[in-house]
Structure formats: C-alpha cells, structure tokens
Amino acid sequence: MSFIDEINHVNALIVGANQGIGFGFVKNLLQDTRITKIYATYRQLESASELINLAAEHSEKLICLPLDITEESQIAEAVQTIRNQVNKLHLVVNCVGLLHDGTLQPEKSLRQINPENLLRYFQINSIGSVLLAKHLLPLFKHKERNVFASISAKIGSIGDNQLGGWYGYRASKAALNMFMRTVAIEYGRSSPQTLVVTLHPGTTDTRLSRPFQSNVPPEKLFSVEHTVSQLINVIEHLQEGDSGQFFSWNGSRLPW
C-alpha cells in the first residue's frame, strides 16, 4: 500500500510547477482524489499563465506561489504562507533545474568553462534544494509518512560518467545528490518520518531537453505524462530504508 493511501488529507508542494515535469505533476495530482491541497510555485508570472489558469479552475485545491529558489528570503516567505494554511506537508517535489538558457549552454570542453555560468548552475540545480530542506523542515515534522524528492539526473552520477563534458550541469547535479544524501541523514534524526530522495526522470520531452533530443532513440524519449506517472509510482513505493538514495524513473537505484 502507498503511504498516500494511509493519510486522510494529503498536502503536496510542487516547486517549479509552471512548465515541464513540474506542471505535469500538478496536472496529475489534480486528478488524484487522495490529494487535498497542492501548492505550486513559479518564478515568473509571464511564463506561468497555464498554471495560473489551472488554479482559477481548481481554486479549492491548487494554490500558486511566486518563488525564485535562488533567493532564500522568497523560500522563507513561501513556506510561511503554506504554514499559515496547513501544518503539514506529505509530498514535496522540487522540479527546478537549469541546463541551458540563452548564452548559457552545456560545456563541451574546458575551453568553455565560465565561472559565472558554473555558479548559476550550482545556485539553481544544487543550493535551491538544500535551502528548501532547511525551511520546509517544520512542515515535515509530523507523525505521518512524507517524501521530499528532488529531480536530479543520471548525468550527475560520477560512477556513470563515460563521456565527459557538460561540466556545470554534471557537477551541480552531483552536488544536489550529495546535499540530499546529507539532508536525509539529518532528517533521519530530526524528522524520521521523512524520506528524502533524488530522482532521475529519464529524457523527457520538455524545453530543457529539446535542443539535445536528436540522438535520443524514440523509445527513450518520454512524454511528460509518462515521466510523471513513472516518478509518482517510484515515490509511492518507497520504503523506510530508501531515504538518501538516488532512483531512476523505473525504480532502480543509480550509482553515485
């Protein structure tokens, strides 16, 4: 039985919910009658129109919050807004991630290393999640099972790195994995009902992956809906000893 089935009123938070996998999670959870409240964050209002419209249709269940996870004050403010309404969360998924943006592109060689770009990768892909863990702790410290999942990437596995390149993205996802592994150890003492995991979604047809899809076999390019249903299945089948682990979309454990 899923831990969600054992809880009467399930509250969820999807961070980075205005597009891609995050928006897919929101749409999936809206259809799930076990979920009572969904908090969904977006960084910029102008790119969140679909999410805002969805919230207008489901105003009792879906609440949107502005949040830039590179700004700790905004994380604190968003968490306080949630705490003013509910006293516990059962599912948090951080879907925020950066691979490319304008002039920022994955590095193919050392010649392309740029310190400012590296810092941006780490701010968004790594530090954001550990700041969420810092501020969300009071909402996890209750007696019901709950899950804090961050979307990572297999490319962040040091043991799996055979091709090189993509320095900033690889390293920032590896740092995310280490942050969350460390959070899992501390949460094991301070919030023992919380399972902290990182998840590899597979190559999903989103804006993040679109420029890099040409070499992906069709059967390995997943729709957002497929990816989200796979990840929810992994989340629902997590066991007590799984906290601090790195899982693929099919439930297998990935090497560090």
### Query
What pairs with Asp242 under side-chain hydrogen bond (donor to acceptor under 3.5 Å, both in side chains), at least two apart in sequence or on another chain?
Arg253
### Message
According to a hydrophobic-cluster definition based on side-chain heavy atoms being under 4.5 Å apart (Ile, Leu, Val, Met, Phe, Trp, Tyr only), do Val196 and Leu254 belong together?
### Response
no
### Task
Identify whether the distance between the nearest side-chain nitrogen and carboxylate oxygen of Arg34 and Glu236 falls below 4.0 Å.
yes
### Task
Output all residues satisfying side chain to side chain contact (heavy atoms under 4.5 Å, CB included) with Gln44, sequence neighbours left out; order by chain, then residue number.
Glu46, Ser47
### Task
List for me each residue that meets side chain to side chain contact (heavy atoms under 4.5 Å, CB included) alongside Ala175, sequence neighbours excluded, and say none if there are none.
Phe122, Ser126
### All pairs passing salt bridge (Lys or Arg N to Asp or Glu O under 4.0 Å) where residues 59-68 contributes a residue, at least two apart
none
### Message
Parallel, tilted or perpendicular: which one describes the rings of His142 and His90, with boundaries at 30° and 60°?
### Response
perpendicular
#### Entry: Distance-only side-chain donor-acceptor flag, Tyr39 / Gln85, under 3.5 Å
yes
### Task
Could you state whether Leu45 and Leu51 fall into the same hydrophobic cluster, counting links through intermediate Ile, Leu, Val, Met, Phe, Trp or Tyr residues with side-chain heavy atoms under 4.5 angstrom apart?
yes
### Message
Under a 3.5 Å threshold, yes or no: a donor from one side chain and an acceptor from the other, between Gln80 and Asn84?
### Response
yes
### Query
Without hydrogens or angle criteria, can the side chains of Ser150 and Ser129 be said to hold a donor-acceptor pair below 3.5 Å?
yes
### Message
His237: which residues meet the side-chain hydrogen bond (donor to acceptor under 3.5 Å, both in side chains) condition with it, sequence neighbours left out?
### Response
Asn233
### Message
Do Glu72 and His135 have side chains that approach each other closer than 4.5 Å (heavy atoms only, starting at C-beta)?
### Response
yes
### Message
For Ala133, give me all partners under side chain to side chain contact (heavy atoms under 4.5 Å, CB included), at least two apart in sequence or on another chain.
### Response
Phe148, Val183, Tyr187
### Task
Verify side-chain hydrogen bond (donor to acceptor under 3.5 Å, both in side chains) between Thr227 and Thr204, making sure each step is shown before the conclusion.
CA-CA 7 Å; Thr227 292; Thr204 307; 2.8 Å; yes
